[in-house]
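Accompanying notes for the structure given below.
Keep in mind that what you see is a predicted model, and the values were worked out from it rather than measured. The analysis underlying the following values was restricted to heavy atoms, covering all of them including side chains, and did not include hydrogens, waters or symmetry mates.
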Amino acid sequence: MAKKEKNTIYQLDEIDLKILTHLSNSSKTSLNQLSNILGIPVSTVFARIKKLEEKRIIDKYTLSVDPKKLGFNVTAIINFSVEGSHIEEFEKQISNHPNVLFLYDITGDFDVIAVTRFRNIEELDYFIKNILKNPYVKRTITNIALRVVKESYPHVPLLIE
């Protein structure tokens, strides 16, 4: 059996997009609730969700937590300049850190960017100073978010009202 390409792009119909939209707003939405909202049988909703899971369009079910209610009041965006041959090694190291929410390879003056959350400036300071002990990290630039204007989950703009 031929192996499906990892980065296959699927065309979804309006029902699939509506299911994804509702589940992305609340992954606790039941099959019965989705059936009532969409006006389709529960069996159809179930089959559609199974298909979305099999295609890995639905990768996992998760929840959204308000970080400030848990004391995470500092959001920092950190740019890293790393020695080229050690970028992937550095990314593996930093991606395991619980305060790193997003990590990207980027173009431009820096190599890697991380979106992070910390309880306070002291935690952020400790994190950066430990990272700078890595001999392959040449420099960092840190920006602290003053306020959150928009954080969109599930990180894909599903265009359904």
Full working for salt bridge (charged side-chain N to carboxylate O under 4.0 Å, His left out) between Glu151 and Arg117: CA-CA 13 Å; Glu151 287 182 338; Arg117 282 229 168 85; 2.2 Å; yes
same_hphob_cluster(Phe127, Leu132) at 4.5 Å side-chain heavy-atom cutoff: yes
CG on Leu38 to OG1 on Thr21, rounded to 0.5 Å: 9.5 Å
Approximate separation, where rounding is to 0.5 Å, of Asp125 CG and Asn120 CG: 10.0 Å
Joint cluster assignment, Ile144 & Val115, ILVMFWY side-chain distance < 4.5 Å: no
Same apolar cluster: Phe110 and Leu124, side chain cutoff 4.5 Å: no
Minimum-distance pair of heavy atoms, taken over all atoms of Ser35 and Pro41: OG-C, 3.7 Å
Backbone N/O of Ala145 and side chain of Thr75: donor-acceptor pair under 3.5 Å: no
Ring centroid separation Phe80 to Phe90 under 6.0 Å: yes
Donor on one side chain, acceptor on other, Tyr61 and Glu53, under 3.5 Å: yes
Asp13 and Arg48: CA distance, side-chain angles, deciding distance, salt bridge (charged side-chain N to carboxylate O under 4.0 Å, His left out) verdict: CA-CA 11 Å; Asp13 65 13; Arg48 295 285 188 125; 2.8 Å; yes
Side-chain (Ser81) to main-chain (Lys138) donor-acceptor, under 3.5 angstrom: no
Heavy atoms of other groups near Asp59 CG, more than 12 under 6.0 Å: yes
CG on Asn79 to CD1 on Ile106, rounded to 0.5 Å: 5.0 Å
4.5 Å side-chain heavy-atom contact, Ile78 and Ile113: no
Value rounded to 0.5 Å, distance of CG in Leu23 from NZ in Lys28: 13.5 Å
Candidate pair Thr116 and Phe118, rule side chain to side chain contact (heavy atoms under 4.5 Å, CB included), full reasoning: CA-CA 7 Å; Thr116 62; Phe118 297 92; 3.2 Å; yes
Interatomic distance, Lys133 atom NZ to Ile128 atom CD1 [nearest 0.5 angstrom]: 13.5 Å
Residues, nucleotides or ligands: over 12 heavy atoms within 6.0 Å of Leu146 CG: no
Min side-chain heavy-atom separation Ile49-Ile58 under 4.5 Å: yes
Side-chain donor/acceptor of Gln33 to backbone N/O of Ser30, under 3.5 Å: yes
Beyond-backbone contact of Asn73 with Arg119, side-chain heavy atoms, under 4.5 angstrom: no
Heavy-atom side-chain proximity of Thr142 to Ile77 below 4.5 angstrom: no
ILVMFWY network linking Val112 to Tyr104, side-chain heavy atoms under 4.5 angstrom: no
Same cluster (ILVMFWY, side-chain, under 4.5 Å), Leu17 and Leu34: yes
Residue Glu88 excluded, over 12 heavy atoms near CD under 6.0 Å: no
Test item: Glu123 and Val74 side chains (from C-beta on) under 4.5 Å apart, heavy atoms: no
Check: Leu20 main-chain N/O paired with Ser24 side-chain donor or acceptor under 3.5 Å: yes
Salt bridge (charged side-chain N to carboxylate O under 4.0 Å, His left out) between Glu54 and Lys50, worked out: CA-CA 6 Å; Glu54 288 168 5; Lys50 281 293 165 209; over 6 Å; no
From OG1 (Thr44) to CG (Leu31), nearest 0.5 Å: 11.0 Å
